[in-house]
Amino acid sequence: MVNTKIIRQRESLPVFPYRQEIVDAIKNEPLLVVIGETGSGKTTQIPQYILESFPEYRLIGVTQPRRIAAITVANRVSEEHGSRLGDDIGYCIRFDDCTSSRTRLKYMTDGVLLREATIDPRLGHYDAIIVDEAHERTLETDVLFGLLKETHRLRPELKILVMSATLNVEKFSDFFNSCPIFVIPGRTYDVAINHHRDAKISSLKSTYVQRSVETALYIHTQEPPGDILVFLTGQNEIEKACRDLEDLDRDLNYKTDVKYYEDVKGLVIYPIYATLETMEQKAIFDDPPRYTRKVVFATNVAQTSVTIPGIKYVIDSGFVKQKTYDPTTGMDALLVVPISQAAATQRAGRAGRTASGQAFRLYSRESYEQMEADTVPEIQRSSLLGTVLSLKKMGINDIINFEFIDPPDPAMVKNALKQLFLLEAIDDTGKLTTLGNEMSIFPLSPFLSRVLIASARQYECSREVVIIVAMLSVEEIFITPRNVEKQMDADEKRKEFYHPSGDHMMLLNIFEKFRDSGYGRDWCRDKYFNYRALSMAKSIRDQLRELMEKHDLPLVSCRLKNYQVKDDGRQRKKRRNSYQDVKYNVETMLESFSSSYYINLAKRHPHRPVFYHYASATGPGSESIDSNSSLLALHISPTSALHPDNKVVRVDDLDWVTYHSVLYTNKALMKVVSKVKLEWVQERLGLFKKLAVANLDGSYGKSKSENNMHGNTDEDNDNKVDSVMIDAQEVKNQDDEKKRKRLEVIEAARQRALARKSITNQD
DNA sequence: GAGCACTGC
């Protein structure tokens with residue numbers, strides 16, 4: 001039966017009048033860019049137009065950056081289409097494939113399509129691919145762009161559509177052979193922009209939280225009714241801003257202080273950030289009580305992922321917290337940086353969703369004009385380790401001449417090649433090895449894929465290691481309560497999971513206790529663990545096990561044979577290994593991890609509880625430490641079992657550790673640290689030397705830490721290893737000025753970390 | 001000092 005209401009709704013969308021034109025364009029053009037603002041209906045309608053107008057198409061794929069979007073849009077469209085979800089129209093996200101052999105329209109995350117492409121780079125199942133929300137420029141979207149361009153050469157009959165909001169998209173058309181751009185007028189309201197008279201962005205860095213609060217109070221007292229959305233950068237300052245505004249509100253005399261007091265008689269204040277446990281709660285998204293104004297202090301979640309309805313005023317601090325990979329140290333830096341003009345426009349737009357509104361920028365117009373036009377795409381800020389491995393797997397050996405819409409910095413490519421070589425995923429000619437080929441089957445960081453394979457093929461402990469690997473693949477599992485008492489309770493409860501070897505075994509302990517609890521939500525709440533994260537770890541473990549089975553990787557346990565459980569359930573110690581663990585052969589597990597993480601080996605300072613990255617410390621720079629040899633002091637994260645305050649192990653007993661990752665803000669913190677023996681890694685450290693040769697010809701950029709990374713030379717390998725690195729030097733230099741600015745920010749952070757003077761000389 | 005923005009396979 002035809003549902004007239006749905007038809008009327010579909011026909012009322014801004015995109016509807018262009019239906020025939022769009023269909024014609026698709027008929028005539030293999031490549032097409034479509035621009036349409038939120039609410040134009042492009043995401044739900046254009047795929048349906050194709051479905052209806054091209055019955056010969058077997059499969060149409062539509063990518064989204066987020067899982068939730070793929071699900072909700074597929075639901076909506078299948079409803080409009082009058083079919084059951086998973087029949088004609090379905091979606092596919094990790095852990096949840098809701099498609100069937102009948103499915104002709106498939107919504108999916110861009111990551112899913114990318115993984116499909118590693119198996120079939122021609123994407124032979126598809127007759128049309130639509131990359132939606134392209135302006136977000138996720139790492140996956142950018143890689144897909146390059147692949148699709150290549151696929152277009154091989155399969156010109158494949159229809160490729162790029163859909164984007166209206167943010168500087170000529171670039172997309174330029175990239176795709178100057179293809180036509182189709183513009184769908186939007187349906188948004190005017191937003192008046194108020195810049196601060198003279199505030200420079202540089203002077204705001206220490207004051208923007210306070211100024212945001214003051215501006216919110218100003219709007220509240222002087223402007224007509226309407227809710228306020230404030231963009232800040234992180235959890236701590238959001239909580240502080242909420243408290244400060246509450247205090248100010250308490251002191252208000254509404255009758256005298258508030259201009260529109262007849263309509264504005266109160267204030268409700270909410271924080272919102274992604275890790276907020278109560279984010280699912282509806283109150284933030286509901287209308288506030290009558291005569292009450294709502295203020296929401298938000299991170300960037302409110303810029304892209306969640307929409308808070310009814311916002312009339314936006315306050316833009318001008319800052320965002322952004323993660324940038326530092327290829328010279330191989331570490332991530334999480335830093336507060338000024339936003340781009342595009343981001344500022346997007347933030348302001350949040351005030352015009354349902355009616356006209358106003359944006360208050362805490363920075364001057366001049367500062368706005370000095371901002372970067374666009375946010376640096378993720379591909380230029382991320383480690384390319386996994387990306388390069390996938391590309392190699394697809395047979396794209398020459399990463400350099402691969403067409404990226406915005407090519408990553410050569411140093412990033414070089415860093416990825418180095419690390420892949422150290423993981424033995426590529427050989428000294430840059431070619432994928434058998435091991436590398438096997439590593440690419442797992443949806444994991446190549447470091448972890450390597451560990452998993454080692455645990456299965458070499459160390460016979462894969463049944464346990466697969467759990468730890470899954471735990472390392474999820475977001476933060478510890479919840480830190482704001483309340484001081486609860487925080488102490490959380491710290492206390494964490495102790496039961498500690499293991500003297502460190503955090504990898506702690507993660508195994510946590511997962512096993514979680515499993516014993518029946519994967520209970522209540523158990524997580526009691527122990528202050530993030531249930532969402534632990535559930536995700538379980539799903540990942542299951543998926544990894546399936547993949548291992550499919551690819552004949554044995555699942556073996558390192559549970560000690562003579563370990564027994566007494567009748568009363570208590571454990572009886574029969575055999576001890578060096579960690580006194582009664583259940584497992586801990587050493588084999590840690591040796592598995594060492595097969596990758598010898599790259600992240602750190603040695604303790606002789607007199608202080610700080611560590612130095614081994615490969616940096618043994619480079620030529622170590623002989624005479626000057627201001628340029630960036631030896632970063634690595635601190636153990638407070639959440640680590642090995643942190644000195646936790647007193648699980650004496651600092652003097654820690655000589656060598658490996659860590660899973662380092663993130664620096666003001667200082668460099670090692671996350672997930674375990675004690676290792678040098679003998680486990682000694683042999684593998686030789687790979688650094690092999691790598692060193694490649695650098696001798698100096699053909700690569702002359703960054704400082706370049707030298708730090710390498711040990712002695714080995715002329716025998718000179719010619720062979722060169723080619724590992726040869727690609728990168730040929731990458732054409734992009735906008736140097738932009739790049740320099742970006743590097744300056746990271747460099748400043750590194751200098752700050754260094755300035756904490758935990759390092760001077762190695763005694 | 002002692003803390004991490006946001007996604008995703």
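Lettering follows sequence order; numbering is per chain, from 1.
- Comparing atom distances between the A:Val112 side chain and each of B:dA5, B:dG8, B:dC9 picks out B:dC9 as nearest.
- Listed nucleotides: B:dC9, B:dG3, B:dC4. Nearest to the side chain of A:Pro443: B:dC9.
- Contact check, A:Arg115 against B:dG8: no side-chain N or O comes under 4.0 Å of OP1 or OP2.
- For A:Arg67, the side-chain atoms get nearest to B:dC9 when compared with the rest of B:dC6, B:dG3, B:dC9.
- Using a 4.0 Å cut-off between charged nitrogen and carboxylate oxygen, A:Asp406 and A:Arg137 count as a salt-bridge pair.
- For A:Gln64 and B:dG8, a side-chain-to-base donor-acceptor distance below 3.5 Å is absent, hydrogens and geometry of angles not being considered.
- Take A:Arg353 and apply the salt bridge (Lys or Arg N to Asp or Glu O under 4.0 Å) test, not counting sequence neighbours, and it matches no residue.
- The separation between A:Gln322 atom CD and B:dT7 atom P is 15 Å, rounded to whole Å.
- Looking at heavy-atom distances under 4.0 Å, A:Val320 makes no contact with the nucleic acid at all.
- Applying the ring-ring contact (aromatic ring centres under 6.0 Å, His included) test to A:Phe95 and every residue at least two apart in sequence or in another chain returns nothing.
- Residue A:Thr639 places none of its side-chain N or O atoms closer than 4.0 Å to OP1 or OP2 of B:dA2.
- Proximity of residues 468-481 of chain A to DNA chain B (heavy atom under 4.0 angstrom from any strand atom) is restricted to A:Glu476, A:Thr480.
- Atom pair A:Arg541:CZ and B:dC9:P shows a separation of 19 Å (rounding to whole Å applied).
- Of all nucleotides listed (B:dA2, B:dC6, B:dT7), B:dT7 comes nearest to the side chain of A:Arg66.
- Under the salt bridge (Lys or Arg N to Asp or Glu O under 4.0 Å) criterion, A:Arg66 pairs with A:Glu136, sequence neighbours left out.
- An OP1 or OP2 oxygen of B:dT7 is reached within less than 4.0 angstrom by no side-chain nitrogen or oxygen of A:Lys323.
- The phosphate of B:dC6 (OP1 or OP2) has a side-chain N or O of A:Thr299 nearer than 4.0 angstrom.
- Within the 4.0 Å cut-off from OP1 or OP2 of B:dG3, not a single side-chain nitrogen or oxygen of A:Ser637 is found.
- Within the structure, the salt bridge (charged side-chain N to carboxylate O under 4.0 Å, His left out) test picks out the following pairs touching residues 107-119 of chain A (sequence neighbours left out): A:Lys106-A:Glu116.
- Aromatic ring centres of A:Tyr528 and A:Phe478 lie farther apart than the 6.0 Å criterion allows.
- Picking from B:dC9, B:dG3, B:dC6 the nucleotide with the shortest atom distance to the side chain of A:Leu669 gives B:dG3.
- For the side-chain hydrogen bond (donor to acceptor under 3.5 Å, both in side chains) test, residues two or more places apart in sequence or in another chain that qualify with A:Asn646 are A:Tyr498.
- To the nearest angstrom, C1' of B:dC9 lies 12 Å from CG of A:Leu144.
- Residue-level contact check: A:Gln235 touches the backbone only, with heavy atoms under 4.0 Å from sugar-phosphate atoms and none from bases.
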